[in-house]
Amino acid sequence: MTNVKPQELRIDIDRLVEKLAALAEISPIEGTEGCARLALTDADKAGRDLVVSWMHDLDLEVAIDGIGNVVGTMPDPGHRPPVMCGSHIDTVQTGGRYDGNLGVLAGLEVIETVRASGITPSRPLAVGFFTNEEGARFAPDMLGSLVYVGGMSVEEAHGIEGIDGAILGAELDRIAYLGSGPLPASPPHSFVELHVEQGPVLEADAITIGAVTGVQGISWTEVELTGQSNHAGTTPMALRKDPGVVAFRTAAFVRDLVVELGGAQVGTVGRIELHPNLVNVVPATATFTIDLRHTDNDVLAEAEKRVDEFLRTTAETEGVSVQTRELARFDPVAFDANVIALVADTAASLGFSTKRMPSGAGHDAQMLARVCPTAMVFVPSVGGISHNPAEHTSAADLEAGANVLLQTMLRLAEDGA
Ligand code: HGY
Ligand code: MN
Ligand code: MN
């Protein structure tokens, strides 16, 4: 018990760095700081079990819902809606140790700091991790938080097939995280997500804290092209129906279009598979994904339309059939003005340089924003690198972000209490 005032509380950075390292030890990527824990794999289960054990160490009430989201809440006789933080602990296959993990482990650190001080906030604090935020194995991304807020039924989510043919509900059951918590969940009082920026902005401007204003729109499409498998040596070019050429031309078109649209527009062809993928066989099929994003929904829709037109025209010319499947489509999201202002004011009062900025990446906060006042705190990514095992953020910046999270949550807990 201490007689420290709430506003004087500060996190223990060594404890936070230690937890980040311990979690990154689960399915580490040799020779790097990174780790590979695709959603609902055994590695994800091991990470989940470790974080749940830390929640129990803090005597939190741990709830697991029907999509495997896990929330640890400080016991509260009145069961009032908590001030919640959190993020995700699933990673892409070439993940860093901070993407998602920071928001969850800093949340545990915040709660441990408050408990140790003997201070009882006017509202309970909670920290959660959401299932399948990355969407790399099962699409769409932010799936767990989407179901949490009622944006998709848990039944529909359970039926989603992964890129490896696994079925999401069966995988949840297999790793013993098919919980019984109600969905949609009852909304928290407010939600704040601490996350590494994953881009170059804060570092370039030598700013420590990003007060995130919202998340740009996201469009993911899977394209399956079917042509005619044939001999690479004997088949005249005029007789070919080559789906690979259509895929490559479309990927090049995506890049040219994005450059033409400029501004915030980004476009990526991240996954491509040819079948049978052999040196001397004109492919039978080509399957690839298109990721388009923009802060302006109209521009994003224009980009989607132009890519689709190019794809279909090119496929027709080549005599190749096209099937497309929407993997994810989320409009741009604006966070709560009051919570953004609170993050910015808290950061400034702690003496950190601060910048308001949109998020290029998707986050669980964009789903929680549908049901409660929500915002995010960014800290710099070294070299702007992420979704790469080389992802890094300095301990000083981690500490700054976690203290802004701590103080913002404490202020939300007293807001109107
Ligand atoms: O794709 C994203 O923006 C996030 O990493 N799921
Ligand atoms: Mn993330
Ligand atoms: Mn990510």
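Remember, it's 1-based here, ligands and their atoms both numbered in the order they're listed.
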- With a 3.5 Å cut-off and no angle check, do the side chains of S381 and Q198 form a donor-acceptor pair? no
Heavy atoms of P243 and A284 approach each other most closely as CG-O, 3.4 Å
Checklist entry - Hey, is CZ on R370 packed in by over 12 heavy atoms from elsewhere, all under 6.0 Å? => result yes
Could you walk me through whether D99 and E134 pass the side-chain contact (heavy atoms from CB on, under 4.5 Å) check? CA-CA 10 Å; D99 177 359; E134 290 296 359; 2.9 Å; yes
N/O to N/O under 3.5 Å, ligand 1 against protein:
residue, atom, partner, partner atom, Å
ligand 1, 1 (O), D141, OD2, 3.3
ligand 1, 1 (O), R293, NH2, 2.9
ligand 1, 3 (O), R293, NH1, 2.6
ligand 1, 3 (O), R293, NH2, 3.4
ligand 1, 3 (O), G362, N, 2.7
ligand 1, 5 (O), E134, OE1, 2.9
ligand 1, 5 (O), H387, NE2, 3.3
ligand 1, 6 (N), E133, O, 3.3
ligand 1, 6 (N), E133, OE1, 3.4
ligand 1, 6 (N), E133, OE2, 3.2
ligand 1, 6 (N), E134, OE1, 3.4
ligand 1, 6 (N), D141, OD2, 3.3

Looking at H387, the N/O/S atom that lies nearest to the Mn ion (ligand 3) is called NE2
If you count every protein N, O or S atom closer than 2.8 Å to the Mn ion (ligand 2), you should arrive at 3
When rounded to the nearest 0.5 Å, the distance separating CG of D364 from CG of N69 is 8.0 Å
Worksheet item: For the residue pair H363 and F378, is the inter-centroid distance of their aromatic rings smaller than 6.0 Å?
Response: yes
For this session: Please indicate whether E316 has more than 12 foreign heavy atoms, meaning atoms of other residues, nucleotides or ligands, lying under 6.0 Å from its CD.
Result: no
Exercise. Do other residues, nucleotides or ligands put more than 12 heavy atoms under 6.0 Å from E414 CD?
Worked result: yes
All heavy atoms of V212 vs all of F335, minimum pair found to be O-CD1, 3.2 Å
#### Entry: Any donor-acceptor pair under 3.5 Å from T393 side chain to P380 backbone
yes
